[in-house]
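What follows is a single structure, written as structure tokens, with notes after it.
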Amino acid sequence: MSVVKVESLSHVYGKGTPFEKTAVDGVDLEIQQGEFVGVIGHTGSGKSTLIQHLNGLLKPTQGRVLINGKDIWAKGADIRRTRFEVGLVFQYPEYQLFEETVYKDIAFGPRNMGLREEEIRDAVADAVRFVGLKAKHMERSPFELSGGQKRRVAIAGVIAMRPQVLILDEPTAGLDPKGRDMILEQIKRYHEQTGSTVLLVSHSMEDIARYTTKLLVMNHGRIFAYDEPQNVFARADELIALGLDVPQVTHVFSLLRQRGYEIASKPPLTVEEASEEILRYLMRRKGNGTC
Amino acid sequence: METLIETKDVSFYYNFGEENQSDEILHGVSLSIPKGQFIAVLGHNGSGKSTLAKHFNAIYLPSGGTVYVDGLDTLEEDKLFEIRRRIGMVFQNPDNQLVATVVEEDVAFALENLGVPPDEIRRRVDEALQTVRMSDYAKHAPHQLSGGQKQRVAIAGVLAMAPSCIVFDEPTAMLDPQGRREVMDTILDLSRQQGTTIVMITHYMDEAALADRVVVMDDGRILLDGVPRKVFADVELMKSVGLDVPQVTDLSFRLRQKGIPLPADVLTPEEFADALVAYLEGAPDQGGTQETGDA
């Protein structure tokens with residue numbers, strides 16, 4: 001069964017005012033449990049509006065949102081529960097830290113879930129392990145930490161609720177390459193070890209290509225594509241026309257194709273894949289003895 | 001070439017009052033930036049690159065050493081105005097930099113504060129908006145613009161003051177790919193057409209590859225300083241300080257390790273494609289280990 005199902009969802013901001021704007025326009029989407037979904041789209045394409053519906057922060061103007069088959073806005077549904085099941089990490093989440101200590105900040109979610117004190121302790125310990133923080137950080141004020149550490153505290157605060165669906169809106173914006181890789185590797189580990197579904201919103205095509213199993217492309221409030229990353233990035237010209245891009249190595253292979261060298265049937269998504277494909281191509285060529 | 005910004009043995013720590021100082025963030029940085037150069041500054045978070053850049057228009061003053069801007073010492077308080085007039089800054093978040101409710105009023109904001117005559121303001125605002133290709137949006141409200149457009153308006157606001165140099169602190173970090181392309185095109189225009197000196201801090205290696213010169217900061221010191229082609233060719237060193245290189249440079253590096261003789265200093269997809277095609281057409285079925293292009 002699909003964990004997230006969206007049926008003819010529309011959202012209109014400022015309905016009935018001169019500023020009326022349809023941000024999401026009749027979207028149908030089904031996400032299977034365990035997928036790692038990349039969400040891309042230019043600013044204003046509707047991706048943030050869409051994801052804010054998945055844990056009930058926004059209410060559909062039209063259509064339905066189902067989590068585990070249940071309409072989250074149905075009569076008698078428990079919207080609070082939905083927010084524990086679907087965890088949302090906002091852009092620049094470190095601005096939302098507020099507690100006196102790192103431990104208390106991460107414990108805030110589990111405590112609201114009504115867990116017992118020792119359960120809270122376990123939940124925090126698990127979350128802390130996933131994001132690679134150390135025990136010595138726990139009693140410090142979150143405001144004393146570096147930018148990268150603060151962000152990891154904020155992510156831990158959501159992970160501590162063990163959401164079945166974890167949504168992150170540009171978790172690496174403003175981080176240096178090492179900080180970026182660290183956070184993405186931690187998210188990947190959370191995804192693998194818990195079997196949860198992850199949605200990653202990002203403007204970095206390189207990051208999206210490296211980590212995701214499915215790619216959702218939004219454009220003007222509608223879904224442009226929901227498919228495997230290789231199939232999506234094969235449509236480079238269309239993506240660029242939408243204000244998006246493809247990873248550099250993907251671009252290299254299309255340049256080579258234009259010059260008559262079909263290195264691989266599908267474009268590579270990472271540097272590692274590109275390197276292997278080229279080596280394989282050279283081996284084949286050597287084997288055939290042609291040029 | 002004439003020097004615009006010069007730092008001599010600059011060290012910096014925060015001074016919170018007596019016996020309350022931070023650790024030293026910059027350790028004796030000496031750097032000379034000629035007029036008209038486009039220089040990219042790289043470094044992991046905490047390497048001191050933003051701290052250094054904030055010395056260029058006297059937001060920070062050196063704890064040790066000196067900073068000269070167009071020959072003016074930033075430690076001399078009465079020179080502050082002249083220094084700030086020469087060096088403009090553009091930051092990461094365009095929303096934090098726009099103050100007015102109409103685009104052209106925002107661009108005019110600083111000029112009004114400086115008491116520039118209205119005719120002159122009109123002329124400079126129009127020119128600045130034209131340079132960043134935002135003239136069509138002069139009467140729009142900033143909140144209606146995309147991220148890339150907002151950032152270009154912020155650039156126009158700085159341009160209107162006719163600075164010799166603009167310091168960009170991660171100007172594309174919050175933008176989508178289209179916005180990034182727009183802002184980078186604008187920066188390249190300023191550098192090539194207007195001759196503006198550009199200092200750009202970025203975490204995107206493909207953007208740094210477009211600069212005339214790349215300076216890599218690590219732990220408050222300058223680790224590498226050279227043309228992008230040279231700096232990025234040292235893939236292992238860059239990765240060891242928590243940075244990266246453009247994907248195509250990395251790809252070339254990996255293939256070289258497997259004995260494919262590609263150049264070490266590939267910077268763009270086009271260059272990589274050219275190099276691989278040249279190899280395929282030149283050496284049809286042998287994998288040499290010879291190094292090329294290590295100039």
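The analysis underlying the following values was restricted to heavy atoms, covering all of them including side chains, and did not include hydrogens, waters or symmetry mates. Throughout, a chain's letter reflects where its sequence line sits, starting with A, and its residues are numbered from 1. Quick caveat: nothing in here was measured; it's all calculated off a predicted structure.
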- Between A:Phe253 and A:His251, ring centroids under 6.0 Å: no
- Worked verdict on B:Lys239 versus B:Glu236 for salt bridge (Lys or Arg N to Asp or Glu O under 4.0 Å): CA-CA 5 Å; B:Lys239 292 198 169 181; B:Glu236 279 163 324; over 6 Å; no
- Task: Give a yes or no answer on whether the side chain of B:Ser252 reaches the backbone of B:Pro263 with a donor-acceptor pair at less than 3.5 Å.
- Result: yes
- Message: Nearest 0.5 Å, please: how far is CZ in A:Phe233 from CD in A:Glu228?
- Response: 13.0 Å
- Message: Could you measure the distance from the CZ atom of A:Phe224 to the CG atom of A:Leu239? Nearest 0.5 Å is fine.
- Response: 6.0 Å
- Task: Could you tell me which portion of A:Leu242 (side chain, backbone, both or neither) has an atom closer than 4.5 angstrom to a non-hydrogen atom of chain B?
- Result: neither
- Give a yes or no on whether the backbone of B:Pro269 and the side-chain of A:Gln248 come within a donor-acceptor separation of less than 3.5 Å. no
- Query: Once you round to the nearest 0.5 Å, how far does CE of B:Met134 lie from CD1 of B:Ile155?
  - Reply: 10.5 Å
- Note on the structure: By residue number, those in residues 243-251 of chain B with heavy atoms under 4.5 Å from heavy atoms of chain A are B:Leu243, B:Asp244, B:Pro246, B:Gln247, B:Val248, B:Asp250, B:Leu251
- Message: Centroid separation under 6.0 Å, is that true for the rings of B:Tyr60 and B:Phe12?
- Response: yes
- Item | Contacting moiety of B:Glu270, where chain A heavy atoms sit under 4.5 Å | both
- Just give me the residue among A:Ala173, A:Ser146, A:Gly260, A:Ser275 that pairs up with chain B most often, heavy atom to heavy atom, under 4.5 Å. A:Ser275
- If you take all heavy atoms of B:Lys150 and B:Pro94, which pair is closest and at what distance? CB-CB, 3.6 Å
- Cation-pi geometry met for A:Arg151 and A:Tyr92 (6.0 Å, 45°): yes
- Task: Check whether any side-chain N or O of A:Lys21 sits under 3.5 Å from a backbone N or O of A:Tyr13 as a donor-acceptor pair, and report yes or no.
- Result: no
- Task: Spell out, as yes or no, whether a donor-acceptor pair under 3.5 Å connects the side chain of A:Thr22 to the backbone of A:Asp25.
- Result: no
- Heavy-atom distance under 4.5 Å to chain B: side chain of A:Leu244, backbone, both or neither? both
- Message: Please rank A:Gln91, A:Glu272, A:Arg180 by heavy-atom pairs under 4.5 Å with chain B and give me the top one.
- Response: A:Glu272
- Message: Report, in residue-number order, which members of residues 172-179 of chain B are under 4.5 Å from chain A by heavy-atom distance.
- Response: B:Ala173, B:Met174, B:Leu175, B:Asp176, B:Pro177, B:Gln178
- Query: Is chain B contacted by the side chain of A:Ile240, its backbone, both, or neither, given a heavy-atom distance below 4.5 Å?
  - Reply: both
- Task: Give me the one residue out of B:Val199, B:Thr202, B:Ile198, B:Ile201 that meets side-chain contact (heavy atoms from CB on, under 4.5 Å) with B:Phe168.
- Result: B:Ile198
- Task: Check whether A:Thr43 gets within reach of chain B through its side chain, its backbone, both or neither, counting any heavy atom under 4.5 Å.
- Result: both
